[in-house]
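See structure below.
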Amino acid sequence: MATGEVLDSLSAPAPTAASPASPPSLRRSRRSIHRALGGGAVADVLLWRRRNAGILVVTAATAVWFLFERAGYSFLSLMANAFLLLVVILFLWAKSASLLNRPLPPLPNLEVSEEFVGKAAAEARMWINRVLAVGHHIAIRRDRKVFLQVTLLLWLVSYIGSLFNFLTLVYIGVLLSITLPALYDKYQDHVDERLGLAHKLLLKIYDNILRMETRQPAKEKKIQ
């Protein structure tokens, strides 16, 4: 009996660890999203891992949109009034500090470092070169795929711009950037499935357009 029980225990399949294996896979996908967003403080805010910062971004964007869009303030007048108030406060603070023997306002060293300017210039140069490369692909190489992509993107931007003004469009972009990454992080599997189906459909439409363009020159040659 003992040997039979030992053989049965050896022949029995080992228990699967499917249930504890699923959470790590989900964690890997979430880490990949965090890494794709840069993996820093900005990624934490976009994924709502820093709720206070996320709430602050939404509140600030809403306040700016309300002041410029609903309250009727212009950008120049609001910035001039804000700087005027700041200068008056600093001037009165410095005067009162010299009269009452109190410390001066704690202002930082107000200057732009060469390192910051170099990084900004390098980033701007990279984006400008990307735009010029797209123009080179369209004008020199006559890449139809890039041409159709740029045309569709510009038409979409033009259509959306006709529905909203620039400030409202920026405000909507801020709200989408602070909500969509968190929603995608939560429902990544369902979104990937739907996006895969949409991508296949767009590829079929794109292939049909290319076939129609290649057939037209052939028909013209036959007619000639």
Tightest non-hydrogen contact, residues Ala53 and Val45, listed as CB-CG2, 3.7 Å

I want to check a possible cation-pi pair here: Arg51 against Trp48, using under 6.0 Å from ring centre and within 45° of the ring axis as the test.
no

Check Ala61 against Val174 and note the closest heavy-atom contact, atom names and distance.
CB-CG1, 3.8 Å

Given 3.5 Å as the limit, does a donor-acceptor pair link the side chain of Asn129 with the main chain of Arg125, or not?
yes

Mind checking whether Trp65 and Tyr171 have parallel, tilted or perpendicular rings, split at 30° and 60°?
parallel

For Val191, side-chain contact (heavy atoms from CB on, under 4.5 Å) partners two or more places apart
Tyr184, Tyr187, Leu195

Spatial distance of atom CD1 (Ile205) from atom CG (Leu148) [nearest 0.5 Å]
12.5 Å

Just how far is it from atom CD of Gln188 to atom CG of Leu183, taken to the nearest 0.5 Å?
12.5 Å

Using modelled atom types only, decide if a donor and an acceptor are shared between the side chain of Thr168 and the backbone of Asn165 within a distance under 3.5 Å.
no

Working note: Ile160 + Leu156, criterion side-chain contact (heavy atoms from CB on, under 4.5 Å); need CA distance, chi angles, decisive distance, verdict.
CA-CA 6 Å; Ile160 295 175; Leu156 185 62; 4.0 Å; yes

Could you state the interatomic distance from CG (Leu175) to CD1 (Ile178), rounded to the nearest 0.5 Å?
9.0 Å

Using a distance-only test with no angle check, is there a side-chain donor-acceptor pair under 3.5 angstrom linking Thr62 and Thr59?
no

So which atom in Ser74 and which in Ser77 form the shortest heavy-atom distance, rounded to 0.1 Å?
OG-OG, 2.7 Å

In one Ile/Leu/Val/Met/Phe/Trp/Tyr side-chain cluster, 4.5 Å: Val64, Val58:
yes

As an exercise, state the distance from CG of Asp207 to NZ of Lys204, rounded to the nearest 0.5 Å.
10.0 Å

Spatial distance of atom CG (Leu167) from atom CD1 (Ile172) [nearest 0.5 Å]
10.0 Å

Side-chain heavy atoms nearer than 4.5 Å, only ILVMFWY residues, links allowed to pass through others: does that put Phe164 and Leu154 together?
no

Identified side chain to side chain contact (heavy atoms under 4.5 Å, CB included) partner of Ile89 from the options Leu86, Leu92, Leu85
Leu85

Answer with yes or no whether the hydrophobic clustering places Leu152 together with Leu202; edges join I, L, V, M, F, W, Y residues whose side-chain heavy atoms lie under 4.5 Å apart.
no

Under 4.5 Å between side-chain heavy atoms, counting indirect links through other Ile/Leu/Val/Met/Phe/Trp/Tyr residues: same cluster for Phe83 and Leu67 or not?
yes

Once rounded to the nearest 0.5 Å, what's the spacing between atom NZ of Lys95 and atom CG of Leu99?
7.0 Å

Between Glu115 and Lys119, does any side-chain N to carboxylate O distance fall below 4.0 Å?
yes

Hydrophobic clusters here meaning ILVMFWY residues chained together by side-chain heavy-atom distances under 4.5 Å, can you tell me if Leu163 and Leu169 are in one?
yes

